[in-house]
Protein chains: 2
Amino acid sequence: MSGKLNATCFGCQVRHSTEWCALNDEELALLDGIKIPKAYEAGTTLFHQGDDCDGIYCMSSGLVGVRRLDAAGNSTLVRLCGPGETIGYRSFLKKSGHRSTAEIMMPSVVCFIRRTTVRTLLEQNPNLGLRFLDHTLKDAEEFEDRHFESVTFTVRSRLLSLLMVLYERFGQLNENGEPVLELPISRQDIAALIGASPETISRSIGAVQDEGLAQFRGRKVLFHNLDAVLQQLPAA
Amino acid sequence: MSGKLNATCFGCQVRHSTEWCALNDEELALLDGIKIPKAYEAGTTLFHQGDDCDGIYCMSSGLVGVRRLDAAGNSTLVRLCGPGETIGYRSFLKKSGHRSTAEIMMPSVVCFIRRTTVRTLLEQNPNLGLRFLDHTLKDAEEFEDRHFESVTFTVRSRLLSLLMVLYERFGQLNENGEPVLELPISRQDIAALIGASPETISRSIGAVQDEGLAQFRGRKVLFHNLDAVLQQLPAA
DNA sequence: CGTCTGGTTGATCTAGATCAACAGGAGTGG
DNA sequence: CCACTCCTGTTGATCTAGATCAACCAGACG
């Protein structure tokens, strides 16, 4: 229930990184009047795998995790979405049900935009469609790359790579000017995201720590040598 | 240099499964006059990874393999494209260079459509854009699924799965009415496609054979029990 | 207090990679 | 015709990353 809830799209900090930057003022006003912003607590969900897609979600702040159920029924985290990202747009475009579950990972403000609204905007402004196309292309590439990586790279590499991605989004400098990262997700989720067992992640973290690259205490990570980590990353 | 080379888009057998089915007769006539059909020998390439994207390719017949170079410089087969499939459209849409190399795997007839032509058609007919969007969405999903599979499934499962995909496209019934498949690619390529070493593939094939599911002689595969194979496939 | 959940650690197991030798064509050249 | 190399595939022996199983620990929470 933060003040952000009352903010308009015009004032939205993250708008310029979203699809909606294709809209003109008039269209933005329409969107602004009709969008449904809402604050969510951690642990709640936006939608479930299999649900009909009634519209799309646009993240203003916070973090949501996208999970998918495998055949055996265990859900695994497949991706994270932060501020400025649009969620559920592929199901919307495909006019199909959601292929995954979107779960709030930390307190978040998310705007919901009804299916009909999006459709209207799409008809009015072809540029918006192009933005969505761009986004889809990026997604396809990302999955293509990740597929490639998961066969080629070792767990350790993927772990370091994930840490860097998270650092970009959540990293800070502490009072001593050292780079620190407060992990937003559990080790189990890290394991799922990387495609490894929790035990292996635990050991892998231990190894990274032993090498002096970083220090892990609970969910706090202190990097002793960020450059060294970056150098160890595969070309990608 | 088959007769197909002179055929028009109107007579194209595979048109209905391509993006171009969105075109009306007038647009199709334009495309027909300006497209550049060509017959390729096996071993030649349509374009190389890193090349600028001058247009897109539409397969009329044959088979092309899409290969990608990893950091170490070895190229691995990442997908196969058959009749009716459009190649290189994502690089075109992204206005970026090609991310992979397209190599002719068997004698093929492929039509080339210049960038400018596609752009003109896209401007004339928004439905065409939607088709491309659809295709991209499908691609994204496919990669998403494959990523999922490659972590979850065993090499054997993936091999059987690939065999079934190939059977759908190249399978036939022999004189005894038994299902047979002439493999269009080498074992090494099978290995790359599945993400395993050639040796493992060889052994895996041996195992499948020992179980009596199929018989391999060179590139010929004789299925003794197609249903049994299908039953062993993971849910996907 | 007990109970639960998330995490760590140790012991063991296994799918698959890697290394190495070898066998069957398919040319190619004498 | 044989000898040579080159290429693809098979097979065997060995190695290893990571999974699995199991015990255990530390907070959180009733």
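Residue numbering restarts at 1 for every chain, and letters A, B, ... go by the order of the sequence lines. If you're wondering where the values come from, they're calculated on a predicted model, not measured in any experiment. In what follows, every heavy atom counts, from backbone to side chain, and hydrogens, waters and symmetry copies are set aside.
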(Q) One character per nucleotide, please: for nucleotides 25-30 of chain D, 5' to 3', B when the base has a protein heavy atom closer than 4.0 Å, S when only the sugar-phosphate does, - otherwise. (A) ------

Interatomic distance, [X] [atom1] vs [N] [atom2] [rounded to whole Å]:
X: F216(B); N: dT11(D); atom1: CZ; atom2: P; value: 13 Å
X: L183(A); N: dG6(C); atom1: CG; atom2: C1'; value: 14 Å
X: I185(B); N: dC7(D); atom1: CD1; atom2: P; value: 20 Å

Under 3.5 Å, side-chain donor or acceptor atoms of residues 220-231 of chain B against the rest of the protein: list the pairs with distances, not counting sequence neighbours.
residue	atom	partner	partner atom	Å
K220(B)	NZ	E182(B)	OE1	2.5
H224(B)	ND1	G212(B)	O	3.4
H224(B)	NE2	Q215(B)	OE1	3.2
N225(B)	OD1	A228(B)	N	3.2

In a table with atom names and distances, give each donor-acceptor pair under 3.5 Å that connects a side chain of residues 195-206 of chain A to protein atoms at least two apart or in another chain.
residue	atom	partner	partner atom	Å
S197(A)	OG	T200(A)	N	3.3
S197(A)	OG	T200(A)	OG1	2.9

Q) Among pairs that include at least one residue of residues 153-166 of chain B, which meet side-chain hydrogen bond (donor to acceptor under 3.5 Å, both in side chains), considering only residues two or more places apart or in two chains? A)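 Checked against side-chain hydrogen bond (donor to acceptor under 3.5 Å, both in side chains) - neighbours excluded - the pairs reaching residues 153-166 of chain B are R156(B)-E211(B), R156(B)-Q232(B).
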
Q. Which residues within residues 188-210 of chain A lie with some heavy atom under 4.0 Å of an atom in DNA chain C?
A.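 Contacts with DNA chain C under 4.0 Å: Q188(A), E199(A), S202(A), R203(A).
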
**Q.** Pair E141(B) + R146(B), salt bridge at N-O below 4.0 Å
**A.**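 Salt bridge between E141(B) and R146(B), a charged N being under 4.0 Å from a carboxylate O: no.
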
(Q) Just to verify, what does E178(A) make a salt bridge (Lys or Arg N to Asp or Glu O under 4.0 Å) with, not counting sequence neighbours? (A)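 Counting only residues at least two positions away or on another chain, E178(A) forms no salt bridge (Lys or Arg N to Asp or Glu O under 4.0 Å).
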
Q) Between Y40(B), Y57(B), F92(B), which is the residue that forms a ring pair (Phe, Tyr, Trp, His ring centres under 6.0 Å) with F112(B)? A)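 Of all the options given, the one that passes is Y57(B).
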
Q: Give the ring-plane orientation class for H135(B) versus Y89(B), where under 30° counts as parallel, over 60° as perpendicular and anything between as tilted.
A: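 Correct class here is parallel.
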
Q.
I'd like to know whether the aromatic ring centres of H98(A) and F47(A) sit less than 6.0 Å apart in this structure.
A.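 Yes, close enough.
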
